[in-house]
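Residue indices begin at 1 and follow the sequence shown. Quick caveat: nothing in here was measured; it's all calculated off a predicted structure.
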Amino acid sequence: ATLAQKTQDIEIQIKELYYSLLLVDELGRLVEELSDKMDEKIEELENETDLSLSNQYKLRFARLELEQKEQGLVYKRELTRTALAWYVGLPEDHPLPLAEDKLLPRELELPAFEDLAAQAICHRPEWRQLQAGLVAKKALADAATGAYFPQFFVTGGVRHAYAPHR
């Protein structure tokens, strides 16, 4: 049960890293699109004289913050990619081709709650470990109960010798 639990934990961590990598890619595309739009607006507003100096400063400061976020996403993507490569047993510099390019919504049909509860009980390693522990405790209780009863040992010996014509 412990091995199954460890296997399940590793599978969950790999899935988390995989979808985190897809999320970071999606956020990178979003930041890139936003910075392109912001650059266009900055170019449009540079020619206008109605914009105050403080508003120009705020606009440029927002652009700098967006660049910092973009650099942070690059770092986090590399960190996530390295962790995913490590979990699947590949070298850190090995390219990781992803099965999907972007996060897509998934259509799920949830079964009834009773079915989910029964399925969870069957598939959880902790539940199997708990069941094995209960069986072991019952065996210990039976052994302890059996120690109260007297124990009888019957031994016997049989000897036989036959020597005709002696």
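By the criterion of side-chain heavy atoms lying less than 4.5 angstrom apart, applied directly or through intervening Ile, Leu, Val, Met, Phe, Trp or Tyr residues, Val74 is not grouped with Leu30; the two fall into different hydrophobic clusters. The cluster map of Ile, Leu, Val, Met, Phe, Trp and Tyr, joined by side-chain heavy atoms under 4.5 Å apart, puts Ile10 and Leu90 in the same cluster. Hydrophobic clustering (side-chain heavy atoms under 4.5 Å, transitive across Ile, Leu, Val, Met, Phe, Trp, Tyr) keeps Leu79 apart from Val31.
In terms of heavy-atom proximity, Ala85 sits nearest to Pro91 at CB-O, 3.8 Å. The two atoms that bring Leu73 and Val24 nearest to each other are O-CG1, 3.6 Å, heavy atoms only.
Scored by the side-chain contact (heavy atoms from CB on, under 4.5 Å) test, Glu78 finds Arg81, Thr82 as partners (sequence neighbours excluded). Remark: Thr80 engages Leu17, Ser20, Leu21 in a side-chain contact (heavy atoms from CB on, under 4.5 Å) (not counting sequence neighbours). Taking Ile12 as the reference, Gln8, Glu16 meet the side-chain contact (heavy atoms from CB on, under 4.5 Å) condition, with sequence neighbours excluded. Partners of Gln13 according to the side-chain hydrogen bond (donor to acceptor under 3.5 Å, both in side chains) rule, which considers only residues two or more places apart in sequence or in another chain, are Tyr87.
Sorted by first then second residue, the side-chain hydrogen bond (donor to acceptor under 3.5 Å, both in side chains) pairs that include residues 64-76, not counting sequence neighbours, number zero. Evaluation of the side-chain hydrogen bond (donor to acceptor under 3.5 Å, both in side chains) test over residues 28-40, restricted to residues two or more places apart or in two chains, returns Glu26-Arg29, Asp39-Arg63.
Taken from OH in Tyr19 to CD1 in Ile14, the straight-line distance is 12.5 Å, to the nearest 0.5 Å. Rounded to the nearest 0.5 Å, atoms CE (Met38) and CG (Leu59) are 6.0 Å apart. Distance check: Leu22 CG to Arg77 CZ gives 9.0 Å after rounding to the nearest 0.5 Å.
The other members of the hydrophobic cluster of Tyr57, by chain and number, are Phe61 (side-chain heavy atoms under 4.5 Å, ILVMFWY only).
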Pairs under 3.5 angstrom only: tabulate donor-acceptor contacts from the side chains of residues 131-145 to other protein residues two or more places apart or in another chain.
| unit_1 | atom_1 | unit_2 | atom_2 | d |
| --- | --- | --- | --- | --- |
| Lys138 | NZ | Asp142 | OD2 | 3.3 |
| Thr145 | OG1 | Ala141 | O | 2.8 |

Stepwise side chain to side chain contact (heavy atoms under 4.5 Å, CB included) test for Thr7 and Glu11: CA-CA 6 Å; Thr7 304; Glu11 287 175 357; 3.8 Å; yes
